Every structure is written in C-alpha cells, then in structure tokens.
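Notes follow once the structure below has been shown.
Worth knowing before you read on, the calculation uses all heavy atoms, side chains too, and leaves out hydrogens, waters and symmetry mates. Computed from a prediction, not measured in an experiment: that's the story for all the values here.
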Amino acid sequence: QHHVFCLGQKTLSKIRVAISSIKMEDDNFHKLIHGEPNRGYDRYQRISRLVNEAITQKADFLVMPEACIPYEWLPTLARTCARTQMAIVTGVEHMIQNGHVYNMTAVILPFETDEYCCAQIFFHHKNHFAPDEKRLIQGYRLQPAEGSGYELYRWNDFYFSVYCCYELASIHDRAIFQSYLD
C-alpha cells in the first residue's frame, strides 16, 4: 500500500538539505515505558539549537534522527516550518498504545496558500523494525506495530520518500519508487 502526497507549487533550482546529528539519551525509551518520558528543558534546547542552526544556514530541508522528537512537540515544529518555509523530516519518539509500540517519522512540509504560510504534517509508520529494536520492545512485553507501505512526497518540484533505518535493508522496498525520487 503506497500513497502519493503533493504540496507546494514552487520550482526549486536547487535544494539545500541539512543532515543533523544530535545527542540522544540512551534511557529515553526506558523512561517512556515507565511513564516518565524525557520532556526536559535540556532536550528541548538541543532540538531548538539544531533547528535554528539549519535556519541560520538557510537550509530548505532538515533531516533529523529516528525517535528524535516527542509527538507533543510536533505542532511547535510545524509552526516553525510554516514561518521559515523549511521542510523537516524527523523521527518521532516511540509511542505506546494498547501494548503496541509505534515508531513513526514525521514529514513536515511547508507551503503558501494565498497570503498565508502553512505546514502539513504527514506520518510514515516504520515497516521493518531492526532485530535489536524488536528484542528491546518485546523485552518489555510489548509488540512492535509495523506499518504496511511507503509514501512518495512531492514538495514543490522535489520528490522524496522516507525509509527509516532497517527499511533500507530491503532491496525490494528501495525499488518501489524507482525513477521517481530525487
């Protein structure tokens, strides 16, 4: 099951992509499982600095790590994308519901409509969990909730898809959008 999402009407002669690196706390997942997720100011500051540095460097597109940002912080990030017209792809911190663990990637695409700057959030559900990630999740007596497809995004005239971590190990999955991706 594959979907195509199109947003924006601009022609981009070039696109500046920023690939980020940020310190991730090893115990964030453990804290999340025990109902004490890390929503500390230090974590917020690290993410803010990263985003602001990409803006300062005039990036059009920022790629952030897997499980990087809490779901609750996505609206703030989307407002920043709308204001700056910078697109962001970021891993969302694992989410737990009814004994299942979801690993998602948020794709935040800015666009302009009439006189307004907006941003739309899309989600990619991870299709293939890495063996170590499965063992970690199952060690807490939870089950990984795997997705069932991929998305092709057209942002302005730039085409891309999201493959998270172990999904790149599948030659078949990487070939789904052959000749469509930039």
Side-chain angles (χ1 to χ4, degrees), residues 16-57 59-84 86-110 119-151 153 160-170 173-174:
R16 293 175 52 100
V17 178
I19 309 293
S20 68
S21 177
I22 189 169
K23 183 179 189 272
M24 304 285 288
E25 301 296 331
D26 290 335
D27 65 344
N28 278 351
F29 186 74
H30 178 76
K31 287 179 179 178
L32 182 70
I33 293 292
H34 289 92
E36 300 172 3
N38 177 2
R39 300 296 182 264
Y41 186 63
D42 288 345
R43 183 178 187 186
Y44 183 83
Q45 272 190 314
R46 281 196 302 274
I47 293 170
S48 292
R49 277 195 298 269
L50 187 144
V51 171
N52 288 330
E53 181 63 23
I55 293 167
T56 300
Q57 296 297 324
D60 300 302
F61 200 102
L62 172 62
V63 180
M64 297 168 66
E66 182 177 2
C68 182
I69 189 163
Y71 179 82
E72 302 92 327
W73 295 355
L74 288 174
T76 301
L77 196 56
R79 283 190 297 277
T80 300
C81 290
R83 180 177 43 82
T84 63
M86 178 177 69
I88 294 181
V89 173
T90 183
V92 178
E93 184 176 61
H94 293 86
M95 295 192 309
I96 303 165
Q97 188 168 36
N98 299 326
H100 290 86
V101 176
Y102 296 85
N103 186 336
M104 297 188 305
T105 302
V107 176
I108 308 172
L109 301 178
Q120 175 71 44
I121 302 174
F122 301 92
F123 292 98
H124 168 74
H125 291 264
K126 190 174 188 179
N127 293 298
H128 305 293
F129 285 69
D132 283 345
E133 185 180 12
K134 279 185 180 179
R135 277 191 289 280
L136 174 67
I137 291 168
Q138 291 168 342
Y140 286 101
R141 298 181 183 201
L142 299 167
Q143 290 300 313
E146 294 186 338
S148 61
Y150 292 93
E151 304 79 25
Y153 298 94
F160 68 96
S161 186
V162 171
Y163 289 85
C164 183
C165 185
Y166 205 69
E167 292 175 337
L168 287 171
S170 171
D173 289 4
R174 288 195 323 243

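With sequence neighbours left out, the salt bridge (Lys or Arg N to Asp or Glu O under 4.0 Å) criterion links E167 to no other residue. When the salt bridge (Lys or Arg N to Asp or Glu O under 4.0 Å) test is applied to R46, the partners found at least two apart in sequence or on another chain are E25. Judged as a salt bridge (Lys or Arg N to Asp or Glu O under 4.0 Å), and not counting sequence neighbours, the contacts of D27 are K31.
For the pair P131 and Y166, the minimum side-chain heavy-atom distance is below 4.5 Å. Counting heavy atoms from C-beta on, the side chains of E66 and T105 never come closer than 4.5 Å.
Atom CZ of F123 has more than 12 neighbouring heavy atoms from other residues, nucleotides or ligands inside a 6.0 Å radius. Within 6.0 Å of atom CZ in F122, more than 12 heavy atoms from other residues, nucleotides or ligands are found, so the atom counts as buried in its surroundings.
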Could you go through H128 and E133, starting from their C-alpha distance and side-chain angles, then the distance that decides it, and tell me whether this counts as side chain to side chain donor-acceptor pair (under 3.5 Å)?
CA-CA 10 Å; H128 305 293; E133 185 180 12; over 6 Å; no
Side chain to side chain donor-acceptor pair (under 3.5 Å) evaluation trace for H124 with E151
CA-CA 7 Å; H124 168 74; E151 304 79 25; 2.8 Å; yes
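Taking the six-membered ring where tryptophan is involved, the planes of Y153 and F160 are essentially parallel, since the angle between them stays under 30° and well short of 60°. Under the 30°/60° scheme for interplanar angles, the aromatic rings of H100 and Y102 are found to be tilted.
In this structure, the side chain of N103 does not engage the main chain of H94 through any donor-acceptor pair within 3.5 Å.
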